[in-house]
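Fair warning: this is a prediction, and the values are worked out from it, not measured in the lab. So that the names make sense, note that chain A is the first sequence line, chain B the second, and so on, each numbered from 1.
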Amino acid sequence: MKQNGELLNGTEFDMEDDDPVVSESESDSDEDGDVKLSEPAKTAVYNKAGLLDKLGDICWPESVDWIHKLSLDIDQDNEVNVNDDLNRELAFYTQALEGARQAFTKFQSKEVDLPFLRPSDYYAEMVKSDTHMEKVKSRILAEKRKMEEAEERRKARDNKKLAKEIQVQKQKERAKQKKDDIESVKNWRKQRKQSGFAADDKDGDLSLAFEDGKAFHRSGKKRPGVAPGDRSGGKGGGKFKKGSDKKMKGRERKDSKYGFGGRKGMKKQNTAETTEDFRGYRQSNKKQKV
Amino acid sequence: MAKKRKHSETKVAENENKEETAPERPERTLFGFKTSPEDVKENDSTLFFRNKEKVLVTCSRRISFRYRHLMLNLVDLLPHCKKDNKVESKGSKGTDLNELVELRSCSSCFFFECRKGKDLYLWMAKCPNGPSVKFLVNAVHTMEELKLTGNHLKGSRPILTFSANFDKSPHWKLLKEMITQIFAIPKDHRKSKPYHDHVYVFSIADDHIWFRNYQISTDHTGTAQKLGRGDLENMTLIEVGPRFCLNPIKIFSGSFGGPTLYENPFYVSPNTIRSMEKRQKAGKYAKKVKAKTRKKMHELENPLEVDEFADMWKE
């Protein structure tokens with residue numbers, strides 16, 4: 001018999017269990033395929049009368065209370081496609097929810113006098129053991145933690161990018177500012193030269209060339225002070241620092257030696273700050289000789 | 001051991017014969033003791049119906065671990081069941097099972113038959129004369145899977161929900177009745193627990209019966225009997241498991257045998273599927289060889305034109 005059936009996968013998404021102890025829950029999605037014949041076999045038996053007969057034989061009488069059967073029929077709105085996992089499960093879920101709601105309204109209305117909601121202090125044997133529920137909980141927590149970490153990492157990456165951009169901008173601004181200052185000094189000189197070195201009052205053309213009459217203002221940020229005996233220029237102290245700190249790239253090294261006024265070497269050594277500075281001395285618990 | 005009553009005496013369907021002979025000893029049926037037709041009418045309002053369903057759950061030998069766990073999960077879900085030893089199922093399994101059911105005085109049976117360690121067939125039968133169904137079980141997920149996080153009381157009576165298409169054809173109606181009788185826990189069973197906190201879903205999709213089991217969780221503000229106002233909306237369902245999908249193969253009129261009442265026209269046995277797949281794969285090499293010879297023939301028949309520039313780069 002030629003069977004040009006569509007391959008129907010009667011199974012669902014992979015469920016993977018990463019706990020080696022509970023070994024029975026591996027994924028089985030692709031083993032149980034199901035092929036459906038596109039034309040039904042002609043020899044299929046369908047004895048409707050017999051079926052209804054048997055149904056009459058076995059079924060419980062009509063007068064039985066609903067409370068014995070507890071069964072409900074729920075209408076399904078649309079055809080569910082079995083291969084679409086999400087929608088199929090959603091359809092089952094809605095069916096169950098609808099059924100539960102109807103059942104609860106029935107319970108309430110009938111005044112059956114039996115409580116049907118479990119009180120919070122009712123402790124009894126559950127269908128899954130406590131140890132199993134512990135495993136479930138730890139798995140859920142682990143997943144949550146993974147997600148949070150991924151979020152944080154992504155945020156940190158984004159922030160870094162942003163910070164980088166801002167830094168670049170600031171640098172550009174600074175360079176521009178410097179250029180502008182130099183330009184303005186040049187212009188001022190030129191102006192003075194043109195006007196023939198007239199006697200310059202303090203209130204003279206000085207104010208024109210500079211923006212807003214701001215005097216040159218060194219920023220309050222100080223380079224960290226260098227200890228007097230420190231030959232390294234302030235960076236890279238001690239033998240046991242981690243790798244990348246020791247390696248200073250060329251520009252950085254030169255900057256620390258010569259940049260912004262250079263090393264302190266020939267300058268004052270005994271100032272208020274330096275007497276209080278104990279950076280070079282390691283803390284030791286041994287008693288010092290007095 | 002006490003003398004066993006024959007189940008035929010307790011069949012509800014015998015009611016019709018009451019008028020002809022009034023038996024001396026009142027007959028014990030599901031309705032309690034019946035005395036005579038006149039009394040029946042009087043006691044109609046006080047008739048009590050006792051669900052005395054007992055299910056026997058067994059399996060065949062050489063069943064694999066996953067299906068065994070499914071069986072154990074079902075045993076947990078049905079407190080009115082009796083689990084029995086493995087049944088050697090070659091040959092006369094019908095009569096053996098019937099005898100076993102009689103011996104344990106059960107009224108229905110679940111028999112898990114695992115063939116080749118891969119295919120699971122589930123027999124659901126009402127004994128002694130009831131109909132029986134053979135299903136092929138797919139898509140098994142047991143309760144031990146960590147993704148199914150719900151939990152409920154062991155032995156609490158479930159709420160059964162069926163999708164509306166169970167009433168569309170007689171064979172689905174029969175299956176619905178059988179499922180209701182087997183899965184609904186008897187009301188005052190010794191091992192049943194009082195509250196209702198889980199729901200079963202039996203749904204027909206694509207001619208398969210899909211089973212799901214959900215825990216009902218409400219943070220209910222009311223008491224145990226009354227729901228608070230918004231509680232019906234706040235209800236959520238958490239899946240407990242197990243999950244499986246049943247494909248009906250045949251419905252028999254008797255228990256584990258008898259004339260066939262229904263045969264699923266769309267059913268293809270797993271063996272046939274596997275052999276079809278193998279045949280598809282086996283044809284690969286032969287197809288390749290054929291394609292080669294075809295190409296040669298084609299080239300011979302349509303020779304290429306002589307290319308003017310073929311010798312251009314040859315020195």
What part of [X] is in contact with chain A, defined as an atom under 4.5 angstrom from a non-hydrogen atom: side chain, backbone, both or neither?
{"X": "D188(B)", "result": "neither"}
{"X": "F183(B)", "result": "neither"}
{"X": "Y214(B)", "result": "side chain"}
{"X": "I179(B)", "result": "neither"}
{"X": "S64(B)", "result": "neither"}
{"X": "N165(B)", "result": "side chain"}

Among [options], which residue forms the greatest number of heavy-atom pairs with chain B at distances under 4.5 Å?
{"options": "I74(A), D75(A), V136(A)", "result": "I74(A)"}
{"options": "S71(A), A91(A), A103(A)", "result": "S71(A)"}
{"options": "V45(A), D53(A), N47(A), I140(A)", "result": "V45(A)"}

Donor-acceptor pair, K128(A) side chain versus G150(B) backbone, under 3.5 Å?
yes
Is the backbone of S253(B) close enough, under 3.5 Å, to the side chain of K54(A) for a donor and an acceptor to pair up by distance?
yes
Among [options], who wins on heavy-atom pairs under 4.5 Å with chain A?
{"options": "D119(B), V199(B), N151(B)", "answer": "N151(B)"}
{"options": "P158(B), P270(B), S203(B), A184(B)", "answer": "S203(B)"}
{"options": "M143(B), K193(B), Q181(B), K126(B)", "answer": "Q181(B)"}
{"options": "H152(B), K176(B), E177(B)", "answer": "H152(B)"}
{"options": "I251(B), T260(B), I216(B)", "answer": "I216(B)"}
{"options": "A205(B), P259(B), S163(B)", "answer": "S163(B)"}

Quick one, W172(B) with L51(A), criterion side-chain contact (heavy atoms from CB on, under 4.5 Å). Give me CA distance, side-chain angles, the key distance, then yes/no.
CA-CA 10 Å; W172(B) 293 127; L51(A) 286 166; over 6 Å; no
Rounded to the nearest 0.5 Å, what's the gap from [atom1] on [X] to [atom2] on [Y]? Could you check?
{"X": "K147(B)", "Y": "E143(A)", "atom1": "NZ", "atom2": "CD", "result": "6.5 Å"}
{"X": "T149(B)", "Y": "K137(A)", "atom1": "OG1", "atom2": "NZ", "result": "13.5 Å"}
{"X": "L153(B)", "Y": "M126(A)", "atom1": "CG", "atom2": "CE", "result": "5.5 Å"}
{"X": "E239(B)", "Y": "F92(A)", "atom1": "CD", "atom2": "CZ", "result": "10.0 Å"}
{"X": "F104(A)", "Y": "I159(B)", "atom1": "CZ", "atom2": "CD1", "result": "5.0 Å"}

Quick one: does [X]'s side chain get under 4.5 Å of [Y]'s, heavy atoms only?
{"X": "M178(B)", "Y": "I58(A)", "value": "yes"}
{"X": "L146(B)", "Y": "H132(A)", "value": "yes"}
{"X": "H196(B)", "Y": "L70(A)", "value": "yes"}

Heavy-atom closest pair, residues T161(B) and A96(A):
OG1-CA, 4.5 Å
L237(B) versus L97(A), closest heavy-atom pair with distance
CD1-N, 3.4 Å
Atom CZ of R251(A) with >12 non-hydrogen neighbours under 6.0 angstrom
yes
Counting only heavy atoms not in D130(A), do more than 12 fall under 6.0 Å of its CG?
no
If you apply the rule side-chain contact (heavy atoms from CB on, under 4.5 Å), what do you find for S169(B) with Y46(A), and how did you get there?
CA-CA 11 Å; S169(B) 350; Y46(A) 199 170; 3.5 Å; yes
Once the angle between the rings of Y122(A) and Y195(B) is folded into 0 to 90°, is it parallel (under 30°), tilted (30 to 60°) or perpendicular (over 60°)?
perpendicular
